[in-house]
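Sequential numbering from 1 along the given sequence is applied to the chain's residues.
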Amino acid sequence: MARLERLADKLDSRFSLFGIRFGYDSIIGLLPGIGDVAAAAPGAWIVFEGHRMGARPSVVARMAANSGIDIVVGSIPVLGDVFDVGFKANRRNIALLRRELEKDAAALARRAERRRTQHG
């Protein structure tokens, strides 16, 4: 999880200019044609890792939707570049994944506690 968080921070919030945080996703997205596609690859990896880590399909779908919105709107010249700076799809996806994993951990702890009280 820490590795994914560092990647999301680099992609969405690595730099600051006039108090505005932005990352490599915004910079790469400035390249006409290939920039948004190239910036989509690490975001897709975050979504894949969320799936691999056991996030529910609904959470993975929300993560994929965030990445899709980032790609589609980000591909619009100028407007998309401004959108990329504000939307921060990768950080949104990490927040979704963190909440999912924390919720899952809490559910596992409750089940374990019930088992202990039933068998103890």
- Between H51 and F48, what is the ring plane arrangement, given parallel below 30°, perpendicular above 60°, and tilted in between? tilted
- Identify, with sequence neighbours excluded, every residue that meets salt bridge (Lys or Arg N to Asp or Glu O under 4.0 Å) alongside R3. none
- Message: Are more than 12 heavy atoms, taken from residues, nucleotides or ligands other than R21, located less than 6.0 Å from that residue's CZ atom?
- Response: yes
- Where is the tightest heavy-atom contact between G43 and N90, given as atom of each residue plus distance? CA-OD1, 3.3 Å
- Looking only at heavy atoms, what is the nearest atom pair of A39 and P42, with distance? O-CD, 3.3 Å
- Specify whether Y24 and F15 have parallel, tilted or perpendicular ring planes, treating 30° as the upper limit for parallel and 60° as the lower limit for perpendicular. perpendicular
- For I71 and A40, work out which heavy atoms get closest and say how close. CD1-CB, 3.5 Å
- Message: Using every non-hydrogen atom in the two residues, find where V60 and G50 come nearest and quote the distance to one decimal.
- Response: CG2-C, 4.3 Å
- R99 and E102: salt bridge (Lys or Arg N to Asp or Glu O under 4.0 Å), yes or no, with the steps? CA-CA 5 Å; R99 281 193 301 271; E102 287 171 353; over 6 Å; no
- Task: Return each pair, listed once, that meets side chain to side chain donor-acceptor pair (under 3.5 Å) where at least one residue sits in residues 60-70; pairs must be two or more places apart or across chains.
- Result: N66-N93, S67-N93
- Message: Is there a path of hydrophobic side-chain contacts, each under 4.5 Å between heavy atoms of I/L/V/M/F/W/Y residues, joining M53 to I94?
- Response: yes
- With the 4.5 Å side-chain cut-off for hydrophobic clustering, are F87 and L11 part of the same group? no
- Main-chain N/O of R91 paired to D12 side chain as donor or acceptor, under 3.5 Å: yes
- Message: I'd like to know whether CD1 of I34 has more than 12 heavy-atom contacts from other residues, nucleotides or ligands below 6.0 angstrom.
- Response: no
- Message: Using a 3.5 Å distance criterion without hydrogens, assess whether the side chain of E100 forms a donor-acceptor pair with backbone atoms of R56.
- Response: yes
- Note on the structure: Applying side chain to side chain donor-acceptor pair (under 3.5 Å) to R98 and not counting sequence neighbours gives E5
